[in-house]
Amino acid sequence: MLSVANVRSAGGAASYFAKDNYYASADADRSGLWVGKGAERLGLSGVVEPRAFEAILRGELPIGGRIGRDGAAHRAGTDLTFSLPKSWSMLALVGRDQRIVDAYREAVIETLQWAERNAAFMRMEQAGKERQIQTDNLTVALFQHDTNRNQEHNLHFHAVVANTTQAKDGTWKALRNDRLWEFNTLLNAITMARFRVEVEKLGYRIGDVGKHGNFEANGISREAVMAFSTRRQEVLEARRGTGLEAGVIATLATRSAKQNDVDRGALQSQWQDHAWGQGLDLEGMVRDARERSAAIAIVAQRRDQDRPSIAERGKVMVLELAERLGLKQGDPLVPARIHLRPAQEIAAAHAVASAVRHLSEREAAFKVTDLTKAALDFGLPTTMPLIEKRITQLADQGALSKGRGTMQGWLTTTDAAALESRMLAEIDKGKGAAVPILPSDIAGAQLQASASFNFGMTLNAGQEGAGRMILSSSNRIVAVQGVAGAGKSSLLRPTAQILGENGKRIVGLGVQNTLVRMLERETGIPSMTLHRFLGQHRKLLDGNASRAELADARTAYRDTVLVLDEASMVSTRDQDRLVRLANVLEVDRLVLMGDPKQLGAVEAGSRSIFEEEHLPTGFVYSRRGLIDMPKMACLAP
């Protein structure tokens with residue numbers, strides 16, 4: 001896994017990462033190397049010299065000048081620790097396959113280069129407001145370490161990112177490291193995707209793929225892995241049943257003291273004896289992999305001369321991936337002749353197509369980085385550059401639409417755009433189609449009277465405003481937003497009573513049976529699941545109902561108000577079906593109630609994340625939230 005931590009002090013970091021007292025001679029290479037455009041522009045290259053490393057962490061630039069103000073506190077940097085899964089560490093360090101070390105180091109460097117292009121930002125104040133400006137450079141000192149504090153083999157790399165980046169005007173500023181933290185799991189997935197491709201070329205077979213693209217080597221059992229992971233077991237035991245903060249304390253509390261002057265040869269013998277005790281012939285596995293790698297190279301050379309064979313293999317791979325990922329044959333997100341492309345491109349096309357299907361079921365739009373992470377998480381034999389290339393192709397073809405302005409870095413699908421447009425048209429159809437149940441001023445007074453007399457409470461301004469909108473609007477579809485604890489249920493009780501007194505039937509809808517029961521208990525409104533309600537009217541939605549059936553349904557729902565609770569949890573597709581059904585049934589009102597805090601990437605409550613100047617058509621929905629509806633009231637907590 002990849003872990004992220006702030007470097008506490010420049011002097012401590014220089015000692016911890018670069019000087020000879022860090023795990024002493026147990027580590028193969030503690031000198032480190034400079035990585036990144038920032039390092040290059042500062043004249044830092046090759047081996048990391050401790051004094052230069054400590055100086056850059058203090059904010060002192062080798063070209064002169066410094067980051068920050070004299071005397072002011074300066075954050076030294078950010079430590080990205082890339083740790084190889086234990087079985088690969090065994091093969092690399094105990095089985096002595098230097099190729100694995102080199103492959104992982106190159107995968108880490110490729111990931112850091114991606115981070116330069118996507119996660120390097122600086123802070124700038126413009127017109128009194130802070131803005132984050134993207135740069136294109138990082139200054140990174142990369143150190144290889146081979147052991148943990150229990151002197152077990154543990155191949156990992158510390159990428160120490162200095163707190164500095166160069167602006168476009170040539171000046172050097174402090175680095176905003178938010179994205180490095182945000183992209184934690186994505187950076188790990190990028191690294192493991194590249195590493196997988198390379199170790200398969202080295203003749204190894206991989207085991208099952210786990211979270212964030214991690215995988216162990218095939219042929220090394222979980223029991224053997226854990227036998228070499230006593231440090232991990234110490235931490236897990238110490239933090240058992242505790243939260244994250246206590247877990248960090250447990251990690252620190254269980255650390256052994258650093259051991260100096262460890263005999264590398266003796267340690268290697270100890271590791272090998274332990275491996276034999278677990279029934280592992282690691283050096284034999286390395287020999288087998290080398291032989292397999294040579295055979296793979298010969299087969300690949302023959303394939304290059306056999307084009308029909310490549311096409312046939314491609315067809316088989318396409319079918320296997322489609323079945324594994326649940327993609328239909330002929331999926332428009334997968335190129336028709338993809339079977340003629342190299343295996344990694346076939347994998348990339350299927351990974352992206354499946355990731356788009358997966359994310360678009362849950363969100364009307366999603367970040368590019370979320371799409372790349374979802375694609376990598378399938379663990380297919382492909383890499384980040386090919387994933388990004390395929391996403392660009394889909395955008396160029398119009399299958400994906402890119403956000404603009406403040407929505408830069410977001411994507412939506414043509415299907416989502418069409419669905420949003422259809423739903424907006426249905427909402428427009430409901431504008432002015434309902435008769436107000438009470439005039440606004442009378443509605444407010446009656447709500448407060450009902451709340452006080454029947455429920456012993458006073459509605460706040462937000463609650464009263466939302467209730468007035470429900471009772472007095474001439475729009476069929478209205479929406480109410482309120483954070484958790486804002487009193488949406490308290491609002492519904494007097495509103496429901498007034499609706500009943502005015503001859504209206506109220507039907508509550510929820511996404512789960514648990515929420516349905518909660519809605520009934522807290523408001524007294526008879527309720528059912530949304531799935532059941534839509535299922536009861538499937539023929540109306542499909543257009544298969546007769547005129548008589550349509551008339552009967554409208555009669556049954558005359559003078560009816562539908563209330564969908566937790567609308568932010570409903571899929572866009574079901575939202576569309578419900579809005580259409582409300583118009584077909586000609587209900588008095590469809591009230592959509594949700595919590596803007598559940599919107600995730602959407603900023604809470606104020607506006608749509610999709611505005612027409614940013615994306616084609618008028619996206620206003622996400623799976624987790626309905627916003628910018630024709631009528632809306634925001635409840636104050």
Chemist: What residue among N163, D79, N177 forms side chain to side chain donor-acceptor pair (under 3.5 Å) with N6?
Modeler: N177

Chemist: Mark yes when over 12 heavy atoms from residues, nucleotides or ligands other than R292 sit less than 6.0 Å from its CZ; otherwise mark no.
Modeler: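 Atom CZ in R292 is packed in, count exceeds 12.
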
Chemist: Does the pair Y104 and F195 meet the rule for a ring-ring contact (aromatic ring centres under 6.0 Å, His included), with working shown?
Modeler: CA-CA 6 Å; Y104 191 61; F195 180 67; 5.5 Å; yes

Chemist: Under the rule for salt bridge (charged side-chain N to carboxylate O under 4.0 Å, His left out), what residues qualify as partners of E40, not counting sequence neighbours?
Modeler: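 With neighbours one apart ignored, the set is empty.
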
Chemist: F143 pairs by ring pair (Phe, Tyr, Trp, His ring centres under 6.0 Å) with which of F82, F53, F157?
Modeler: F53

Chemist: Using distance alone, with no hydrogens and no angle criterion, decide if Q134 and D136 have a side-chain donor and acceptor under 3.5 Å apart.
Modeler: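 No, no side-chain donor-acceptor contact under 3.5 Å.
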
Chemist: Could you check whether R51 pairs with E54 (Lys NZ or Arg NE/NH1/NH2 to Asp/Glu carboxylate O, under 4.0 Å)?
Modeler: no

Chemist: For D208, I'd like to know if atom CG has over 12 heavy atoms of other residues, nucleotides or ligands within 6.0 Å.
Modeler: no

Chemist: Determine whether the side chains of T413 and S360 contain a donor N or O and an acceptor N or O closer than 3.5 Å.
Modeler: no

Chemist: Applying salt bridge (charged side-chain N to carboxylate O under 4.0 Å, His left out), can you list everything that pairs with R117, at least two apart in sequence or on another chain?
Modeler: none

Chemist: Taking the basic N atoms (NZ, or NE/NH1/NH2) and the acidic carboxylate oxygens, is any pair closer than 4.0 Å for D331 and K328?
Modeler: no

Chemist: Verify whether one side chain among T139 and T164 offers a donor that lies under 3.5 Å from an acceptor in the other.
Modeler: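 Short answer, no.
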
Chemist: Counting only N and O atoms by type, is there a donor-acceptor contact under 3.5 Å from the side chain of W172 to the main-chain atoms of G59?
Modeler: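 Side chain of W172 to backbone of G59, a donor-acceptor pair under 3.5 Å: no, none is there.
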
Chemist: Got a sec, which pairs hit side chain to side chain donor-acceptor pair (under 3.5 Å) with one end in residues 375-384, sequence neighbours left out?
Modeler: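 Side chain to side chain donor-acceptor pair (under 3.5 Å) check on residues 375-384 returns K373-D377.
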
Chemist: Would one find more than 12 heavy atoms of other residues, nucleotides or ligands at under 6.0 Å from atom CZ of R131?
Modeler: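 Counting other residues, nucleotides and ligands, CZ of R131 stays at 12 neighbours or fewer.
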
